[in-house]
**Q** 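Take this structure first; my questions come after.
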Amino acid sequence: MNKKIGNIFKGDKVIWMVFFFLCMISIVEVFSASSNLTYKSHNYIGPIVYHTGTIIFGVIVAIITLNIPCRFFKLMTPFLLFISALTLLWVLIGGQTINGANRVISLVGFTFQPSEIAKGTIVLATAQILSAMQRENGADRKAFKWILWITLPTCFLIGLENLSTAALLFAVVVLMMFIGLVPMKQLGKLIGICAFLVFFGISMVMMVGRDTTGQEELAKTEQVQNEQPKKKSKIEKLLHRADTWKGRILKFGEDDVAPKDYDLDKDAQVAHANIAIVSSNIIGKGPGQSVERDFLSQAFSDFIYAIVIEELGLFGAAFVVFLYVILLYRAARIASRCENNFPAFLVMGFALLLVVQAAFNMMVAVGLAPVTGQPLPLISKGGTSTIINCAYVGAILSISRSAKMKKEPIDAKNI
């Protein structure tokens with residue numbers, strides 16, 4: 001019996017344990033944080049049954065992926081690049097709007113986010129380029145250009161509707177190039193150009209975007225009067241989410257406000273996330289005992305870490321951080337033991353993709369980063385993102401199982 005179970009759950013056992021704990025925390029916390037969904041649907045058990053089903057399907061995807069030898073991942077790259085480009089263009093033209101942005105595609109009754117597929121595809125392509133162009137003293141200078149030729153158009157298409165996802169993906173690619181020993185001179189120039197573009201982009205957003213704070217009543221009045229909307233310029237059409245970005249920048253840059261002066265209606269998400277964290281009393285209220293879940297609109301997704309802190313306390317929150325740290329550490333261990341470059345770069349790329357997003361989500365929840373729409377990988381409620389993240393874990397497990405490993409040096413004392 002144990003042998004049969006071992007044949008199913010192959011690969012690195014520590015990563016399997018991390019994966020198991022993250023899935024269990026996800027089911028418990030999403031069940032607790034889905035009060036708004038149960039209220040709207042009048043179905044108490046429906047949302048968690050759906051999420052549990054998604055988790056189970058994701059585990060099946062992970063098991064299928066880990067049984068694919070890592071050498072076959074290379075063959076998928078051209079096909080996935082074509083699919084990613086096609087779906088990213090499709091979502092811009094005919095995608096469904098969620099929170100003011102075209103992010104999902106509906107196909108045969110199912111919806112999925114093309115950006116989730118594109119992220120893994122870029123990591124796969126980057127790992128392949130870095131491995132193919134490795135030299136004795138590091139990566140060939142041409143590798144830098146090839147990676148940017150693939151990464152920049154993809155990040156641009158993603159960034160038009162989801163800037164934070166594009167930024168996180170680009171950060172992961174830069175980290176992969178650093179690990180892949182791309183010349184520091186090239187990376188230094190890239191970072192400098194990025195810093196300038198960030199400054200220029202923020203300036204454009206602040207000029208084009210409108211500060212909609214406190215304009216709810218004005219918007220209602222304009223709607224009643226049926227005024228014709230103003231024609232937008234080409235720049236305004238390109239930066240149609242500038243209002244949202246500007247609002248987030250202004251809110252993040254505000255000085256600390258005294259609790260008695262805080263506007264719970266104006267900054268509801270941040271306010272209730274802070275209340276959830278402060279009211280945890282270090283030890284937490286216990287699973288299912290959250291109060292702020294009824295007020296946080298994205299308690300089951302973007303701000304689920306705040307609910308984790310409220311219910312499980314600082315120790316539970318630290319345990320979640322520890323799981324992601326262990327995931328990255330084990331991936332690094334696997335990469336260091338790989339005899340070939342491709343699986344080493346790929347396992348680090350997928351691990352960084354999960355951990356960097358997790359770190360940013362947790363920073364948002366505790367107020368160290370501006371609010372974005374990034375879920376907590378493998379914990380937040382999701383459809384496409386949950387399944388794709390499980391596939392990333394499956395790929396890491398596949399590499400730990402099927403990649404050719406360096407032989408351990410023989411200890412002379414044991415001979």
**Q** Measure across Cys338 and Pro343 and return the closest heavy-atom pair with its distance rounded to 0.1 Å.
**A**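 Heavy-atom minimum between the residues: SG-CB, 4.1 Å.
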**Q** How about Leu130 and Ile147: do any of their side-chain heavy atoms sit closer than 4.5 Å?
**A**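 Side-chain contact under 4.5 Å: yes.
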**Q** Taking everything shown except Ile282 itself, do over 12 heavy atoms lie less than 6.0 Å from its CD1?
**A**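 Count not over threshold, so no.
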**Q** Any sub-3.5 Å donor-acceptor pair from Ser398's side-chain atoms to Gly394's backbone N or O?
**A**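 Here the side-chain-to-backbone pair does not exist.
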**Q** Do Ile388 and Gln113 have side chains that approach each other closer than 4.5 Å (heavy atoms only, starting at C-beta)?
**A**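 No, every pair of side-chain atoms sits at 4.5 Å or beyond.
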**Q** Among all residues two or more places apart in sequence or in another chain, which pass the side chain to side chain donor-acceptor pair (under 3.5 Å) test with Asn341?
**A**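 For Asn341 there are no side chain to side chain donor-acceptor pair (under 3.5 Å) partners, ignoring immediate neighbours.
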**Q** What heavy-atom pair brings Gly180 and Phe345 nearest, and what distance separates the two atoms?
**A**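 Shortest heavy-atom separation between Gly180 and Phe345 comes out as CA-CE2, 3.6 Å.
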**Q** Given the rule in the side chain to side chain contact (heavy atoms under 4.5 Å, CB included) test, do Phe57 and Thr386 qualify, once you have shown the distances and angles that lead to the verdict?
**A** CA-CA 9 Å; Phe57 183 72; Thr386 297; over 6 Å; no
**Q** Would you check if the side chain of Arg401 reaches a backbone N or O of Leu66 as a donor-acceptor pair within less than 3.5 Å?
**A**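 A pair under 3.5 Å: yes.
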**Q** Around atom CH2 of Trp16, are there more than 12 heavy atoms of other residues, nucleotides or ligands at under 6.0 Å?
**A**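 Correct, the count exceeds 12.
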**Q** Determine whether a donor-acceptor pair (N or O, by modelled atom type, separation under 3.5 Å) exists between the side chain of Ser280 and the backbone of Glu310.
**A**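 Pair absent, no side-chain N/O of Ser280 close to backbone of Glu310.
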**Q** Below 3.5 Å, can you tabulate the donor-acceptor pairs from side chains in residues 348-358 to any protein atom, sequence neighbours excluded?
**A**
{"unit_1": "Gln357", "atom_1": "OE1", "unit_2": "Lys119", "atom_2": "NZ", "d": "2.9"}
{"unit_1": "Gln357", "atom_1": "NE2", "unit_2": "Pro375", "atom_2": "O", "d": "3.0"}

**Q** So, Ser400 side chain and Asp12 main chain: donor-acceptor pair closer than 3.5 Å or not?
**A**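 It does hold such a pair.
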**Q** Looking only at atom types and distance, does a side-chain atom of Ser115 sit under 3.5 Å from a main-chain N or O of Ile158, one as donor and one as acceptor?
**A**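 Side chain of Ser115 to backbone of Ile158: no pair is present.
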**Q** Return yes if some donor-acceptor pair links the side-chain N/O of Thr52 with the main-chain N/O of Val49 below 3.5 Å, else return no.
**A**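 A pair under 3.5 Å: no.
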**Q** Give the minimum heavy-atom separation between Gln186 and Val182, together with the two atoms involved.
**A**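 Nearest heavy atoms, Gln186 then Val182: OE1-CG1, 3.6 Å.
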**Q** Without swapping roles, check the side chain of Asn340 against the backbone of Phe342 for a donor-acceptor pair under 3.5 Å.
**A**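 Side chain of Asn340 to backbone of Phe342, a donor-acceptor pair under 3.5 Å: no, none is there.
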**Q** Between Thr126 (side chain) and Ile122 (backbone), is there a donor-acceptor pair under 3.5 Å?
**A**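 Yes.
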**Q** What heavy-atom pair brings Tyr392 and Glu116 nearest, and what distance separates the two atoms?
**A**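 Between these two residues, the closest heavy atoms are OH-O, 2.9 Å.
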**Q** Does Val364 form a side chain to side chain contact (heavy atoms under 4.5 Å, CB included) with Asp302? I'd like the steps, not just the answer.
**A** CA-CA 8 Å; Val364 169; Asp302 302 351; over 6 Å; no
**Q** Between Tyr324 (side chain) and Ala359 (backbone), is there a donor-acceptor pair under 3.5 Å?
**A**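 Side chain of Tyr324 to backbone of Ala359: no pair is present.
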**Q** So which atom in His51 and which in Val30 form the shortest heavy-atom distance, rounded to 0.1 Å?
**A**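 It is NE2-CG2, 3.6 Å.
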**Q** Any donor and acceptor pair, going by atom type alone, linking the side chain of Ser84 with main-chain N or O of Leu80 inside 3.5 Å?
**A**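 Here the side-chain-to-backbone pair exists.
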**Q** Could you check Leu168 against Gln374 for side chain to side chain contact (heavy atoms under 4.5 Å, CB included), going step by step and ending with a plain yes or no?
**A** CA-CA 10 Å; Leu168 290 177; Gln374 293 300 316; 3.7 Å; yes
**Q** Please name the pair of heavy atoms, one in Pro287 and one in Leu312, separated by the smallest distance, quoted to 0.1 Å.
**A**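 Closest pair (atom of Pro287, atom of Leu312, distance): CG-CD2, 4.0 Å.
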